[in-house]
Participant: 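Structure below; questions to follow.
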Amino acid sequence: MQSVDVVVVGAGVVGLAHAWSAAKRGLSVVVYDRSPKAEGASIRNFGMVWPIGQPAGFCHETALASRALWLEFARQSGAWVDECGSIHLAYRADEWAVLEEFARRAPALGYKVRLLDRDAALDHSPAANPRGLMGGLYSSTELCVDPRAALPALAAWLKEQHRVEIQFRTAVCRVDGKTVETAEGKQIAAGRTLVCGGADFESLFPELFAKSGLRRCKLQMLRTRVQPDHWRIGPHVASGLTLRHYRNFEVCESLAALKARVHAETPELDRYGIHVMASQNQAGEVILGDSHEYDAEISPFDKARIDELMLQELRSLVRLKDWTIAERWSGIYAKHAADPQFTADPLPNVHIITATGGSGMTMSFGLAEDNWRRWT
């Protein structure tokens, strides 16, 4: 029977982040994933590493630690990571009020942001729609990666540089704290087992999943064709709608008025959890989204109305050279109501780590380091 220090179940960003942290500590690591390649939530997102969206304290500090590790990975592997930063644009008085309040509070909370007037915002963001623009909030800490390229690159780099064994097309059917068994009947002795398969840990620990309080969240997203003439949007762009989604803005008393106005004027945006953003990958395609539907509301069939609403809001936010939609998709991830991750220890030396709540690209590297510091 093969024996290793660590078995990781799941080769998404959470699993690979924990595999990297383990390998850096000199541990032998095997990663199993039932799919032929990474194809879950880890590749179905904007590719935003988004510290600005994390609440002050542990979450924001962990996001910044993840940012540093993404840059370390890029330096060592040659993978594309763009230090593009981000800008929140305001087109309504209540949006501007939230940005002003957050900018005042930001230094004491550990955020490095700048409030920009209309002209400065347009200088920072080539994609910003000037019509009705009041200004923006700029942050330099955000990164862009291309998830579809970054995840395979990370897996290959871990195999080549850190001797991590990664086995795709290998489903794990049993974990008992001492051994891991695959669907083919292979058994491997594991000093520690990490289950990092998102909500899919239900198949291994159904009773624990039922009591976990986790929710499934579905998002819809779009991608344009490559923008002509090598045109770039500049920093990630976020709308005023985003202010009601990310928890960092909850410190702002002015946020309540914005939420009330959105709910009164456009209740469909609340119904589908729509808050629009744009990022651009290495190829020049612009990634657009997104929406949030939960649990019983989730259908295997995407809603055309959600795409219509997102594009309507996006066209008021940004001006693109080419709006042709080349691809549409949806993804499902696990989310915990309060915590940045869900962890559980169902058996000795078995840890479940999941539910980074749509912030896997932002949080996973930092959370992995924090978890390994606790385990060793």
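This structure is a prediction, so every number in the text was calculated from the model and none was measured.
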Participant: Could I get the full list of ring pair (Phe, Tyr, Trp, His ring centres under 6.0 Å) partners for His124, not counting sequence neighbours?
Facilitator: Tyr138
Participant: Which other residues belong to the hydrophobic cluster containing Leu204, where Ile, Leu, Val, Met, Phe, Trp and Tyr are joined when side-chain heavy atoms lie under 4.5 Å apart, directly or via other members?
Facilitator: Val4, Val7, Val9, Val30, Tyr32, Val172, Val175, Val180, Ile188, Val195, Phe201, Phe205, Leu208, Phe209, Leu214, Phe342, Leu347, Val350, Ile352
Participant: Please list, chain by chain and in numerical order, all residues satisfying ring pair (Phe, Tyr, Trp, His ring centres under 6.0 Å) with Trp157, sequence neighbours excluded.
Facilitator: Trp20, Phe73, His162
Participant: To the nearest 0.5 angstrom, please state how far the CD1 atom of Ile325 sits from the CG atom of Leu311.
Facilitator: 5.0 Å
Participant: Indicate whether any N or O donor in one side chain lies under 3.5 Å from an N or O acceptor in the other, for His351 and Arg192.
Facilitator: yes
Participant: Would the number of heavy atoms belonging to other residues, nucleotides or ligands and lying under 6.0 Å from CD of Glu184 be above 12?
Facilitator: yes
Participant: I'd like to know whether CZ of Arg148 has more than 12 heavy-atom contacts from other residues, nucleotides or ligands below 6.0 angstrom.
Facilitator: yes
Participant: From Leu89 CG over to Ile87 CD1, what is the distance, rounded to the nearest 0.5 angstrom?
Facilitator: 5.0 Å
Participant: Are there more than 12 heavy atoms of other residues, nucleotides or ligands under 6.0 Å from atom NZ of Lys186?
Facilitator: yes
Participant: Carefully, step by step, assess Arg216 and Glu202 under the rule salt bridge (Lys or Arg N to Asp or Glu O under 4.0 Å).
Facilitator: CA-CA 12 Å; Arg216 287 185 170 91; Glu202 180 180 13; 2.9 Å; yes
Participant: Going only through I, L, V, M, F, W and Y residues with side-chain contacts under 4.5 Å, is there a path from Met277 to Leu258?
Facilitator: yes
Participant: Taking the ring centre of each residue, are His88 and Trp50 less than 6.0 Å apart?
Facilitator: yes
Participant: Can you name the residues that form a ring pair (Phe, Tyr, Trp, His ring centres under 6.0 Å) with His336, not counting sequence neighbours?
Facilitator: none
Participant: More than 12 non-hydrogen atoms from neighbouring residues, nucleotides or ligands closer than 6.0 Å to CZ on Arg374, yes or no?
Facilitator: yes
Participant: What's the verdict on side chain to side chain contact (heavy atoms under 4.5 Å, CB included) for Met310 and Leu288, showing C-alpha distance, side-chain angles and the deciding distance?
Facilitator: CA-CA 8 Å; Met310 289 194 300; Leu288 305 167; over 6 Å; no
Participant: Any heavy-atom pair between the side chains of Lys321 and Asp229 that's under 4.5 Å?
Facilitator: no
Participant: Using a distance-only test with no angle check, is there a side-chain donor-acceptor pair under 3.5 angstrom linking Glu308 and Gln312?
Facilitator: no
Participant: Between Glu369 and Ser21, do the side chains contain a donor N or O and an acceptor N or O under 3.5 Å apart?
Facilitator: yes
Participant: Are Val318 and Met134 linked, directly or through intermediate hydrophobic residues, by side-chain heavy-atom contacts shorter than 4.5 Å (ILVMFWY only)?
Facilitator: yes
Participant: Establish whether Phe58 and Val49 are linked, either directly or via other cluster members, by ILVMFWY side-chain heavy-atom contacts under 4.5 Å.
Facilitator: no
Participant: Salt bridge or not for Glu327 and Arg225, using N-O below 4.0 Å?
Facilitator: no
Participant: Indicate yes or no: does Asp176 engage Arg174 in a salt bridge with an N to O separation below 4.0 Å.
Facilitator: yes
Participant: Do Ile43 and Val13 have side-chain heavy atoms sitting under 4.5 Å apart?
Facilitator: no
Participant: In terms of heavy-atom contacts, does CZ of Arg373 have more than 12 from other residues, nucleotides or ligands at under 6.0 Å?
Facilitator: yes
Participant: Would you check if there is a donor-acceptor pair between the side chains of Thr62 and Gln54 at a distance under 3.5 Å?
Facilitator: no
Participant: I'd like to know if Arg169 and Asp33 make a salt bridge, using a cut-off of under 4.0 Å between side-chain N and carboxylate O.
Facilitator: no
Participant: Could you tell me whether a side-chain N or O of Gln227 sits under 3.5 Å from a main-chain N or O of Trp231, the two making a donor and an acceptor?
Facilitator: no
Participant: Does atom NZ of Lys159 have more than 12 heavy-atom neighbours from other groups under 6.0 Å away?
Facilitator: no
Participant: Any chance you could measure Arg247, atom CZ, to His60, atom NE2, to the nearest 0.5 Å?
Facilitator: 13.5 Å
Participant: Do any N or O atoms from the side chain of Ser42 and from the backbone of Gly12 form a donor-acceptor pair under 3.5 angstrom?
Facilitator: no
Participant: Are Glu101 and Arg105 close enough for a salt bridge, meaning some N to O gap below 4.0 Å?
Facilitator: yes
Participant: Once rounded to the nearest 0.5 Å, what's the spacing between atom CG of Asp82 and atom CG of Asn281?
Facilitator: 10.5 Å
Participant: Rounded to the nearest 0.5 Å, what separation is found between the CE atom of Met221 and the CG atom of Asn45?
Facilitator: 6.5 Å
Participant: I'd like to know if the side chain of Gln341 pairs up with that of Thr343 as donor and acceptor (distance under 3.5 Å, no hydrogens or angles considered).
Facilitator: no
Participant: Looking at Arg34 and Asp200, does any basic side-chain N land under 4.0 Å from a carboxylate oxygen?
Facilitator: yes
Participant: Which pairs, with at least one residue in residues 283-302 and sequence neighbours excluded, count as a salt bridge (Lys or Arg N to Asp or Glu O under 4.0 Å)?
Facilitator: Arg215-Asp295, Lys218-Asp302, Arg223-Glu285, Glu293-Lys303
Participant: Quick one: side chain to side chain donor-acceptor pair (under 3.5 Å) partners of Glu142, sequence neighbours excluded?
Facilitator: Ser86, Ser139
Participant: Are Leu309 and Asp307 packed together at the side-chain level, in the sense that at least one heavy-atom pair is separated by less than 4.5 angstrom?
Facilitator: no
Participant: In terms of hydrophobic clustering (I, L, V, M, F, W, Y; side-chain heavy atoms under 4.5 Å; direct or indirect links), are Ile233 and Trp323 co-clustered?
Facilitator: yes
Participant: Counting C-beta onward and ignoring hydrogens, is there a side-chain heavy-atom pair between Thr362 and Ser66 closer than 4.5 Å?
Facilitator: no
Participant: Taking it one step at a time, do Arg244 and Asp270 satisfy salt bridge (Lys or Arg N to Asp or Glu O under 4.0 Å)?
Facilitator: CA-CA 10 Å; Arg244 75 200 208 292; Asp270 279 349; 3.0 Å; yes
Participant: Could you go through the salt bridge (Lys or Arg N to Asp or Glu O under 4.0 Å) check for Glu207 and Lys211 one step at a time?
Facilitator: CA-CA 7 Å; Glu207 293 182 0; Lys211 299 175 182 178; 5.4 Å; no
Participant: As a quick check of understanding, evaluate ring-ring contact (aromatic ring centres under 6.0 Å, His included) for His236 and Phe46, giving each step before the final call.
Facilitator: CA-CA 10 Å; His236 296 308; Phe46 286 101; 8.1 Å; no
